[in-house]
Amino acid sequence: MTKTLEVVLKRVIEDVPVAADFEVVERAAPTTAPAGQLLVRVLYLSLDPYLGSRLRGRHMGEPRPAPGETLPGSAVAEVIASGHPDFAPGDHVIGEAGWAQVGLMDAKFARKVDPSLGVSNHLGVLGMPGLTAWAGVTQLAKVGAGDVFTVDAAAGSVGGTAGQIARILGAKAVGIAGGADKVAQVVERYGFDAAVDYRNEGWVDELKGLTDGGPTVHFENVGLPILNPVFGLLKTYGRVVICGLSAHYHADGPPPQFGLGPIVGKRAAVMGLVVYDFYPRWNEWVKTAEPWLKEGRLVQVEDLGEGLESAPAQFERLMKGANTGKTLVKVGG
């Protein structure tokens with residue numbers, strides 16, 4: 001009997017997930033693909049911030065997985081056997097197959113990808129983080145030449161991609177990140193015009209100077225600790241995209257409210273971003289990004305764990321904000 005390793009929850013969790021909340025188990029691996037399913041070998045597993053809430057049943061009404069059950073999370077995988085006519089052995093696909101070495105993927109939700117663009121890129125700049133960044137920058141905020149663009153969590157996959165897209169479109173991009181290493185990454189790896197460390201006293205004044213008095217567009221990934229001071233700098237008729245609220249994900253109850261008065265005073269447009277709305281346009285984003293990627297104008301920085309067994313520790317790093325770039329686990333091949 002063929003075996004596979006899989007990471008599952010060890011117990012019900014109510015707090016910020018840590019490595020000790022997970023365990024690696026050995027299971028019998030499926031050997032055939034039932035109708036409508038794909039038998040796949042997982043190559044890379046994506047670990048994303050929203051999973052911290054999802055595992056506790058706090059993400060957009062989606063159910064929490066029970067201990068021992070298959071965990072949610074995107075992976076790029078190679079098809080071993082296909083139970084669907086649109087897929088064949090050897091195809092590379094994106095979908096959910098659990099945190100496992102070998103698993104089954106629902107063909108209805110799988111998406112075929114081109115491995116020549118970089119297998120792991122399909123979980124980062126070409127994956128959900130890239131789609132999120134593209135949607136916020138181009139479809140909501142409509143960033144263009146002359147804009148001054150700020151984004152927090154700028155060393156992460158969404159923030160880093162958003163700033164790169166903004167620069168490609170002619171905007172000045174200034175990142176906000178925590179720690180000297182992350183600030184350096186934002187400028188040196190992602191190519192932002194500048195970045196500030198929010199852990200430093202006086203960072204708001206520094207940001208004001210770097211943005212010529214304040215941004216015209218701000219892309220929010222953290223929440224009120226960053227949004228409040230940056231909104232105070234926002235230019236009149238500025239645009240704000242609220243993508244993530246990582247500072248509030250693990251708090252009890254809803255996040256604190258943001259006052260309406262400042263929005264009126266700034267004549268600001270504040271837009272909420274839910275990436276699921278843009279899933280039907282994923283191929284449009286990949287087609288747009290492909291030349292940028294090949295030209296080196298769009299890059300992916302990876303925080304990579306080796307082997308499925310590294311997934312719990314990698315996830316804890318992500319939950320603590322210790323990751324730099326796109327958090328991945330290299331599972332096979």
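K112 has a carboxylate O that lies under 4.0 Å from a charged side-chain N of D91, or vice versa, which qualifies the two as a salt bridge. With respect to E23 and R11, no salt bridge is recorded, no charged nitrogen being found less than 4.0 Å from a carboxylate O.
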Identify each donor-acceptor pair in which a side-chain atom of residues 173-181 lies under 3.5 Å from a protein atom, sequence neighbours left out, and give them as a table.
none

Using a 3.5 Å cut-off and no angle test, enumerate the donor-acceptor pairs between side-chain atoms of residues 118-126 and protein atoms at least two apart in sequence or in another chain.
residue, atom, partner, partner atom, Å
S120, OG, E302, OE2, 2.5
N121, ND2, L117, O, 2.8
H122, NE2, D114, O, 2.7

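A donor-acceptor pair under 3.5 Å is formed between the side chain of Q314 and the backbone N or O of L328.
The ring pair (Phe, Tyr, Trp, His ring centres under 6.0 Å) pairs that include a residue from residues 135-192 number zero, where partners must be two or more places apart or lie in different chains. Screening residues 207-233 for ring pair (Phe, Tyr, Trp, His ring centres under 6.0 Å), with sequence neighbours left out, gives F231-F258. Sorted by first and then second residue, the ring pair (Phe, Tyr, Trp, His ring centres under 6.0 Å) pairs involving residues 298-328 (not counting sequence neighbours) are F22-F315, W99-F315.
Defined by atom type and a distance below 3.5 Å, a donor-acceptor pair is missing between the side-chain atoms of D303 and T327. Judged purely by distance below 3.5 Å, without hydrogens or angles, the side chains of K326 and S46 pair a donor atom with an acceptor atom.
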Take L140 and R239, measure what side-chain contact (heavy atoms from CB on, under 4.5 Å) needs, and give me the verdict at the end.
-> CA-CA 9 Å; L140 297 184; R239 294 96 78 199; over 6 Å; no
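Classification of the Y276-Y279 ring pair by plane angle, with boundaries at 30° and 60°, yields perpendicular.
Residue L104 belongs to a hydrophobic cluster whose other members are L39, I80, V102, with links defined by side-chain heavy atoms closer than 4.5 Å.
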